[in-house]
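Just below is one structure, and these are the notes that go with it.
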Amino acid sequence: MGSVDTCCPVSKWCAISVVLAMVSVTTIVTLWTLTLTGTEARTPPWTSHRLPTTLKPLKYTVTLWPRLTPDPNGLYLFTGNSTVEFECVEETDLILIHSNRLNYTVPENRHLGVVSAPDGVFAPGVRLSWLEGSTQYLVLQLYSKLVKGQRYRLYTAFTGELADDLAGFYRSEYLEDGVKKIVATSQMHPTHARKTFPCFDEPAMKAVFHITLIHPRGTTALSNGLETNVTDARISEVDVTRTTFEPTEIMSSYLLALVVCDYSNLSAQQGDTLIRIWARRSAIEEGHGDYALRLTGPILDFFQEYYNITYPLSKSDQIALPDFYFGAMENWGLVTYRETNLLYDPLTSSNRNRETTATIIAHELAHMWFGNLVTLKWWNEVWLNEGFASYVSYLGADKAEPSWRVKDLIVLDDIHRVFAVDALASSHPLSSPEDSIVLPHQIVEQFDAISYSKGAAVLRMLSDLLSEKVFVQGLSSYLNHFAHGNTVGTDLWEHLQKAVKLNGVVLPGTVQDIMNRWVLQMGFPVVTVDTTTGIVSQEHFLLSPAPNLPSPYNYEWLIPIRWMKLSGLQKDLWWLMNSTEVNMDMKTAGDEWVLANIDVTGYYRVHYDRGNWEKLIGQLKADHQAIPLINRAQLVDDAFNLARAAIVPSTHALQTTVYLSAEREYIPWQSALDNMQYYYLMLDRTDVYGPMQDYMRSLVTPLYLHFNATSGWTNVPEGHTDKYNQVNALSLACSTGLKECQNLTTSLFRQWMDNATHNTIHPNLRLVVYCSAVAAGGAAEWEFGWEQFKYATLASDASRLLSALTCTMNKTLLERFLSYTLQPAMIRKQDATTVITSIASNREGQDLAWGFVRDNWNYIYTQYGVGSFNFAALISGVTTRFSTAEELQQLVEFKQKHSATGFGSAELALNQALERTQANILWLQQNKQDVLQWFTNQTLTH
């Protein structure tokens, strides 16, 4: 292996590599065609985005040296070398290995790599080598063929940039005691390991990784395995530390993690597992990692019991990073997080921060088995990996915090959320054909609400209909059988089917038969129950009609229905197997009503005949507690979305909110607020706005007075969801103009401005108080908030301030804030999209944000084109309010103007925005006058 090469990217060797990379493509293709059999044309393998199956990696030995100070050109670099040992599975004279943005040091053979073999076995020499940029390959063409079954090694030495682009091996910065600190960290998922060293960068190409990091003395190096050897050395006249780690388990390249930092940690021992929480020294000293440390042990124990498999590694590191695109990443043994998601300060963090920390830790630790130990073969089935972790994250968090009732919140946070996307004609199935997901941006697009939230919803439904005992038994069988390997989705169905058979569970078909209809066709059904006849039917639910949408199952599902009558819950699960069936037990008389999809365990909406709807709404008004809590939220959400699909009148949906003046529970209130958000988006620039505000103010006043009387505004309630509803009461009361509320928030904020070092506002209430005060105030309040943001030491507090600053009604300040999003020194890249979309959600900022994105698209696309949720969230966020012909035309022109530049992972979001805008225009035309009349009448009767 030798020492790490220290050449700069423009050294003479790197220049030679560039020359070699420029060898005529025509010549290379000509050489390739010489190997053809007969006259049949074949595409050169290096033009395909998928690796051939001729080689199989076994082991990488990688040494990397990140420089935490810039070179004379102002660049931060890393140098490294790698030896990958691989097996030849089929005879070939071609080595294809992923490589992106790496410059190679050329050894004596004048090629980009050296091929050898262990035990003195002959290894063919390299005939040609070049970098194929379009498919991100290092290509080595050999003089003769590799022998099937034989092992070989490929050695390379290289230099890369330790950029601040949040991908591969990258640089993060933060200030501590006024001193700028540099962290070298990584994000290999999904296709960025190749930006760090040449590798077979596909999830099925598992191998063992032997990692060594060279780093400045006084810093700490971390990777997936535990540190086994830490020694000081002097290399190229530089004093360094060399840290070697234990070999990883056999795993995919996207799970590799590398960190060099000046952090400290908290640690604990859980059985044989070392648990460590890493963060900035000041954060650890102030106790911000304590909560994560306290949670990790119980959550690991829960999953060991749930999967019936011991945690596979010797340690569980979790680290909080200042700059990180995703919320977190499940690197095996070294999980990386945004600071806001791992760190929790009981003095300044909110209840929401605490829940986020618990559920995200549970989500990432769930992957240690499902995803890491057993990995899906390809990215077309991302949903199974992410959907599963999303579902069981609620179970893990519930184990750690049993008093929260957190499992109920999946209905709001995942199911209702994804219904909105999956009801569009531009939605997509959970699983796609493998050959349709090949380009990096196509892979990134898979990580959307459908994969995470619909995936969670259908797996929760499956667990419910099988029973948790049977579901877990099949799951454990699957994980044990495929440990350290790769699978396809049907493998899980087969192991669940075995558990079904062992336990004598009666189903209307096999697990695969049932699940195929939920996985292989997009969308979901609306189940209609006619209580006058007992007829139950299903059809594909779409917010806007869209004929001729393809489906292998003609948009029919096998639907499990749990239901109840006024007299009580029905014991047996009932299956709707066809488009229409009759269940005479669902026929009612008199005052009796039917309620279907109890606790929303099924992934579908429910509609009823008019008489049953009226009985249910009457029940809400008379005694809402006769209807289960989650179903009160369901009735509101179903009614509003049935109205948006023109199945029921909008005024019918609004009727489901009238009872809320007597409701004190969070979940139904939040469901109503989520749905009223659409009305605000569509109507807050019209004459409906005033009467709508009057109605909502009258609805929330009893809730505001309830919390004013029971806990006041300096304390918070005991219950987890009661804390959330206190925030709802304050937020809605202030935003609808309740004077007592506005006076309160303005006064609380002013007290803080008068004594900036002493913030008496309760952490739970800070965001709403900040937002309300900034909205009601002027430049002084905004400037104070900006100064507090710049010097905030806790990420969650900085996040609240950043969000609150978008609430101002001052357009000059909003324009200034938008300009900051293109200045990473002012706003971190990871936060830019959030700021822009938050400004778009402000009725004064909508046009400004959309204009900003239009004017700066090329620049934004270039600067933030690393593959994340950002582009999709950006397009979706700035177009959510679109509801006029003029806005539709602007969107069409935007798509045409930038078609050459492209939209990356936002391609689907842009098509959804066009579809949604057309639906919004139609909705306004059909509903505005009726809604105006309804709100006006309600205001007159109160």
Side-chain angles (χ1 to χ4, degrees), residues 420 543-544 636-637 639-658 660 672-700 731-738 742 771-772 775-776 806-811 814 837-851 853-854 876-892 912-942:
L543 289 175
S544 300
V636 173
D637 194 64
F640 270 85
N641 283 276
L642 289 166
R644 283 185 62 187
I647 295 171
V648 301
S650 289
T651 52
H652 166 93
L654 290 167
Q655 284 288 349
T656 63
T657 67
V658 174
L660 287 170
L673 293 177
D674 289 343
N675 282 287
M676 284 304 301
Q677 179 65 16
Y678 180 74
Y679 281 63
Y680 275 97
L681 289 171
M682 294 301 99
L683 301 166
D684 67 4
R685 298 177 290 176
T686 74
D687 55 349
V688 182
Y689 184 59
M692 181 167 62
Q693 284 283 80
D694 293 340
Y695 172 69
M696 294 303 292
R697 183 169 59 252
S698 69
L699 210 59
V700 76
S731 177
L732 185 59
C734 281
S735 66
T736 54
L738 187 66
Q742 292 180 334
C771 181
S772 178
T806 68
C807 298
T808 181
M809 298 297 173
N810 185 315
K811 291 193 174 185
L814 289 172
T837 55
S838 295
I839 289 174
S841 71
N842 179 338
R843 58 198 287 255
E844 295 296 328
Q846 165 66 58
D847 292 341
L848 298 175
W850 169 231
V853 170
R854 279 190 299 170
S876 178
V878 298
T879 61
T880 302
R881 204 186 235 102
F882 281 13
S883 55
T884 67
E886 180 185 3
E887 288 167 331
L888 178 61
Q889 182 59 31
Q890 289 173 357
L891 198 52
V892 170
Q912 290 174 339
L914 286 162
E915 180 185 350
R916 189 169 53 236
T917 302
Q918 292 167 326
N920 291 345
I921 292 169
L922 184 62
W923 186 89
L924 267 181
Q925 291 170 350
Q926 295 174 342
N927 292 279
K928 182 186 168 188
Q929 284 308 119
D930 289 344
V931 169
L932 174 59
Q933 188 63 52
W934 192 88
F935 281 128
T936 303
N937 290 343
Q938 292 298 312
T939 304
L940 292 174
T941 58
H942 280 74

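Fair warning: this is a prediction, and the values are worked out from it, not measured in the lab.
- Looking at L654, L681, L699, V636 one by one, the single match for side chain to side chain contact (heavy atoms under 4.5 Å, CB included) with M676 turns out to be L654.
- Of the possible donor and acceptor atoms, none in the side chain of R697 sits under 3.5 Å from a partner among the backbone N and O of L738.
- Atom OG in S698 sits 11.0 Å away from atom CD in Q693 (nearest 0.5 Å).
- At least one donor-acceptor pair under 3.5 Å links the side chain of E887 to the backbone N or O of S883.
- Taking the six-membered ring for Trp and thresholds of 30 and 60 degrees, Y695 and F935 have ring planes inclined between 30 and 60 degrees apart.
- Checking side-chain atoms of R644 against main-chain N and O of L543 turns up no donor-acceptor pair under 3.5 Å.
- Using modelled atom types, one finds a donor on one side chain and an acceptor on the other under 3.5 Å when comparing S650 with N927.
- Side-chain N or O atoms of N842 include one that pairs as donor or acceptor with a backbone N or O of T806 at under 3.5 Å.
- With hydrogens and angles disregarded, no donor-acceptor distance shorter than 3.5 Å links the side chain of N675 to the backbone of F640.
- Proximity of a side-chain donor or acceptor of Q889 to a complementary backbone N or O of T884 within less than 3.5 Å is not detected.
- In this structure, R685 forms no cation-pi arrangement with Y680, as its terminal cationic atom is not both closer than 6.0 Å to the ring centre and no more than 45° off the ring axis.
- Residues D847 and W850 fail the side-chain proximity criterion, which asks for heavy atoms closer than 4.5 Å.
- A donor and an acceptor atom, one from each side chain of Y678 and N920, are located under 3.5 Å apart.
- Between the side chain of R881 and the backbone N or O of Q846, no donor-acceptor pair lies under 3.5 Å.
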